[in-house]
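Single-structure report; data block below.
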Amino acid sequence: ILYSKVAGPNVRLTDEQINAIQYSLDNNNCCLHEILKQKDLLKPSFGYIRVTFPKKFGNSPGHPYVLEIWPKNHGSPIHNHGNTIAIIKVLHGTVKSEYFNPLAQKSYEGNQIQRILVANLTKGQITWMTPDIYQTHRLTNESPDEACITIQAYSHLDSELFLDEKFNYIENNFPNDPLLKPFYPKQDLYFDDLINTVIYEYTTQQCIKCLNGTGNLIFIFKSKLFVE
């Protein structure tokens, strides 16, 4: 079911949407640039932007469908996915996907991290995970020029009685910091807000500074104000 939701040829972004996302990332004071700048300051190991679709179904950690924007030279730490099954499709660019042996329960102290596979996935290619296979990975966009954009679909197995609402990860400075850390996924943007914002910026060549002083998201379109 997950495969059919994200793998089809109609699950894609238009050239205008991709160009607009890149414009917003590249230009100071534009929405995605400002979100990324704040994330680089507060949590640099999570150097990507999570874009979700409004509805949650309670059968996955966070939202079941996630668009992730991987800016140039950014990526994730090594992490697992709360024993979910998942499908990941590349919509634009190239992402380096590294797969590792499972993370220990609380700490990696005294354990060895073993990379078991690495693949560079390009537009249209798909990878997957189950609770037993490819569950622990790291995604990186090594391009010096352009963003990579992926779409993910997550679900817990029907047989699971206790659903894990978090991912676990280790910091990139391992082994100096071997403790396993929890990450409760939440969105940086909703998809409609993303598209409306970046298309406006790209077509008008005017940036929207969509973060206020407290880090909350603000979107201004004509006379309408949206605050999260």
Side-chain angles (χ1 to χ4, degrees), residues 2 5-6 11-13 17-18 20-22 24-25 30-82 84-93 95-97 121 127 129 135-141 146-156 164-169 171-172 181-198 201 208 210-212 214-219 226-228:
L2 288 184
K5 295 292 186 183
V6 301
V11 180
R12 60 185 178 84
L13 294 171
Q17 290 169 341
I18 291 168
I21 288 170
Q22 191 67 60
S24 188
L25 285 169
C30 280
C31 183
L32 298 186
H33 185 95
E34 292 300 307
I35 291 174
L36 184 63
K37 185 163 62 175
Q38 184 177 70
K39 296 189 81 167
D40 283 344
L41 287 173
L42 298 178
K43 209 168 188 62
S45 58
F46 286 87
Y48 59 96
I49 296 172
R50 288 176 55 88
V51 181
T52 61
F53 301 84
K55 191 171 183 180
K56 288 186 179 182
F57 300 100
N59 62 346
S60 64
H63 290 76
Y65 302 105
V66 181
L67 186 85
E68 291 186 340
I69 300 170
W70 305 88
K72 56 189 180 184
N73 297 317
H74 281 72
S76 74
I78 298 172
H79 63 284
N80 64 23
H81 279 268
T84 58
I85 58 174
I87 298 292
I88 303 171
K89 177 181 178 180
V90 181
L91 299 179
H92 177 72
V95 67
K96 179 181 179 182
S97 186
L121 305 173
T127 186
M129 68 177 64
Q135 179 70 197
T136 301
H137 70 169
R138 175 170 59 196
L139 299 176
T140 310
N141 177 13
E146 65 174 0
C148 174
I149 306 170
T150 61
I151 187 167
Q152 280 92 293
Y154 300 105
S155 178
H156 288 293
D164 195 350
E165 286 297 316
K166 69 180 184 302
F167 302 157
N168 293 308
Y169 73 98
E171 293 285 4
N172 287 332
K181 295 177 172 58
F183 170 63
Y184 292 87
K186 69 175 188 176
Q187 75 277 0
D188 295 304
L189 292 162
Y190 285 122
F191 181 77
D192 287 346
D193 291 331
L194 166 75
I195 297 302
N196 287 336
T197 302
V198 299
E201 291 177 327
I208 296 175
C210 60
L211 290 175
N212 65 18
T214 64
N216 292 323
L217 293 169
I218 295 178
F219 302 94
F226 303 89
V227 178
E228 295 234 10

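Keep in mind that the numbers below use all heavy atoms, side chains included, and drop hydrogens, waters and symmetry copies.
To the nearest 0.5 Å, the span separating CD1 on I69 from CZ on R50 amounts to 12.0 Å. A distance of 9.0 Å separates NE2 in H92 from CG in N141, rounded to the nearest 0.5 Å. I87 CD1 to I85 CD1: the interatomic distance, rounded to the nearest 0.5 Å, is 7.5 Å. Atom CG in L91 sits 7.5 Å away from atom CD1 in I18 (nearest 0.5 Å). Between the CG atom of L139 and the OG atom of S76 there is a distance of 5.0 Å, given to the nearest 0.5 Å. Note that the SG atom of C31 and the CG atom of L194 stand 7.5 Å from one another [nearest 0.5 Å].
Residues forming a side chain to side chain contact (heavy atoms under 4.5 Å, CB included) with Q17 (at least two apart in sequence, or on another chain): L13, T14, I195, I199. Annotation: side-chain hydrogen bond (donor to acceptor under 3.5 Å, both in side chains) contacts of T127 (sequence neighbours excluded): Y99. Annotation: side-chain hydrogen bond (donor to acceptor under 3.5 Å, both in side chains) contacts of D40 (sequence neighbours excluded): H74. Applying the side-chain hydrogen bond (donor to acceptor under 3.5 Å, both in side chains) rule to Q152 yields the partners E68, T150; only residues at least two apart in sequence or on another chain are considered. Looking at residues two or more places apart in sequence or on another chain, you find a ring pair (Phe, Tyr, Trp, His ring centres under 6.0 Å) between H137 and H79, H81. Partners of C30 according to the disulfide (SG to SG under 2.5 Å) rule, which considers only residues two or more places apart in sequence or in another chain, are C207. The side chain to side chain contact (heavy atoms under 4.5 Å, CB included) check on H33 picks up N28, with sequence neighbours excluded. The side chain to side chain contact (heavy atoms under 4.5 Å, CB included) check on K39 picks up I35, D188, with sequence neighbours excluded. Residues passing the ring pair (Phe, Tyr, Trp, His ring centres under 6.0 Å) test with F46, sequence neighbours excluded: Y169, F183.
At least one donor-acceptor pair closer than 3.5 Å links the side chain of N196 to the backbone N or O of D192.
In terms of heavy-atom proximity, P71 sits nearest to G47 at CD-O, 3.5 Å. The minimum heavy-atom distance linking T52 with Q187 is given by the pair OG1-CB, 3.1 Å. Pairing each heavy atom of A20 with each of V198, the nearest pair is CB-O, 3.4 Å. Nearest heavy-atom pair across E201 and I208 is OE2-N, 2.9 Å. The shortest heavy-atom contact between A86 and Y154 is CB-CD2, 3.4 Å. Closest heavy-atom contact between E146 and Q22: CA-OE1, 3.4 Å.
For F53 and F191, the distance between ring centers is under 6.0 angstrom.
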Audit row: T84, S155, side chain to side chain contact (heavy atoms under 4.5 Å, CB included) steps and yes/no
CA-CA 5 Å; T84 58; S155 178; over 6 Å; no
Stepwise side chain to side chain contact (heavy atoms under 4.5 Å, CB included) test for I49 and L25:
CA-CA 10 Å; I49 296 172; L25 285 169; 4.1 Å; yes
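Under the 4.5 Å side-chain criterion, counting only non-hydrogen atoms from C-beta, R138 is not in contact with P77. The closest side-chain heavy-atom distance from T136 to I78 is below 4.5 Å. Looking at V66 and I151, their side chains never come closer than 4.5 Å, going by heavy atoms from C-beta outward.
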